[in-house]
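Being a predicted model, the structure only gives us computed values, none of them experimental. All values below come from the heavy atoms of this structure, side chains included, with hydrogens, waters and symmetry mates left out. Read the numbers this way: they start at 1 and go in the same order the structure lists the ligands and their atoms.
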Amino acid sequence: MASNKKIIVGNWKMNLNVQEASLYLHRLSKIIEIRRDVEVILAPTTLTLQSLSLQVNGRQFKLAAQNFYWRDHGSYTGEVSATQLRGIVQYGLVGHSERRHIFNESDKDIRNKVEAAVRNNIRPILCVGETAWERANGETYDVLHDQLVGGLANITSDELSRVMIAYEPVWAVGTGQNALPTYVSAAVSAIRNQIEQLYGKIAADSIQVLYGGSVTAHSAADYLALPGIDGLLIGGASLNADSFGEIVRKAHRGSLIVERK
Ligand code: 13P
């Protein structure tokens, strides 16, 4: 099940320009301690990745792309490829609900991106999750099945160890609606079961699964304490240095033990 190391990802979405992102990283670097049992990943806008990669202390923070195109080079005006991001980021979000639902990314686009990330030595964080409508119609597990099968179709068993999954129910993203920990637990079990069907038990036990959706400094510990959860994907609360710092502190093993008592 979940490893000892917790992963906290801050997805800044389309916020902060180059100068603001640099100042914010500087502030975060004063607040967040380097811990061996917590990995902190920042996902700023593509525009800021190059400069932040020069500024960042790689032991303290890793960088993730929020998006990229799946082809490596060519006539794709306006796009940035995983090949171009290689060496700048260690991770890439793929299939975020905002990409799926605002930009109409299909499972085919998503599986090509997962494959492109792996091909370019970038670890993909494949995001999956049901909409409010799908949940209300009892389709949550079908959606998770389809998004996992669709998103991982080009990935071999060996390559799966490079992939991370993030469960983000769309109805909880940016809405302030908290998913009940029991609900999250059941969905994460379904995700691991699906991985087991596709890749076997060892893969299902060892794949890292994150949770995201309106997580705050207040709710973080409840989700982090769930068996099967390896970390959190934070949107809004990652834009406030104090609350993001607090979430990272809660992921530290010592804090988790205290809070679970
Ligand atoms: P919020 O934490 O703002 O709900 O966003 C979650 C998210 O989409 C992270 O990728």
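Near A172, with a cut-off below 4.0 Å to any heavy atom, the atoms of ligand 1 are 4 (O). Here is the list of ligand 1 atoms found below 4.0 Å of a heavy atom in L233: 9 (C), 10 (O). Under a 4.0 Å criterion applied to the non-hydrogen atoms of G236, ligand 1 contributes the atoms 1 (P), 2 (O), 3 (O). With ligand atoms numbered from 1 in the order given, ligand 1 contributes 1 (P), 3 (O), 4 (O) to contacts under 4.0 Å with heavy atoms of G174. Here is the list of ligand 1 atoms found below 4.0 Å of a heavy atom in G213: 4 (O).
The residue among S214, C127, S238 with a heavy atom at the shortest distance from atom 1 (P) of ligand 1 is S214.
Atoms CE and CD1, from M164 and I7 in turn, are 3.5 Å apart once rounded to the nearest 0.5 Å. Between the OH atom in Y223 and the OG1 atom in T216 there is a gap of 8.0 Å [rounded to 0.5 Å].
With hydrogens and angles left out, the side-chain atoms of Q208 and D230 include no donor and acceptor closer than 3.5 Å. No side-chain donor from either of S81 and D72 sits under 3.5 Å from a side-chain acceptor of the other.
The nearest protein atom to atom 2 (O) of ligand 1, hydrogens excluded, is given as G235 N, 2.9 Å; this is a heavy-atom distance. In terms of protein heavy-atom proximity, atom 10 (O) of ligand 1 is nearest to H96 NE2, 2.8 Å. For atom 5 (O) of ligand 1, the nearest protein heavy atom (residue, atom name, distance) is K13 NZ, 3.2 Å. The protein non-hydrogen atom at the shortest distance from atom 9 (C) of ligand 1 is E168 OE2, 3.0 Å.
With R35 contributing its side chain and R249 its backbone, the two residues share no donor-acceptor pair below 3.5 Å.
At a heavy-atom cutoff of 4.0 Å, ligand 1 is contacted by the side chain of N11 but not by its backbone.
Cation-pi geometry between R135 and Y183 is met: the NZ or CZ atom falls under 6.0 Å from the ring centre, inside 45° of the normal.
Relative orientation of the Y76 and Y69 rings is tilted, given thresholds of 30° and 60° on the angle between their planes.
When all heavy atoms are compared, the tightest approach of V188 to I229 is CG2-CD1, 3.7 Å.
Here the options are D142, N137, L144, the test is side-chain contact (heavy atoms from CB on, under 4.5 Å), and the partner is T140; only L144 passes.
Within the structure, ligand 1 lacks G212 among the residues with a heavy atom less than 4.0 angstrom away.
Between V173 and ligand 1, no N or O atom pair is found at a separation short of 3.5 Å.
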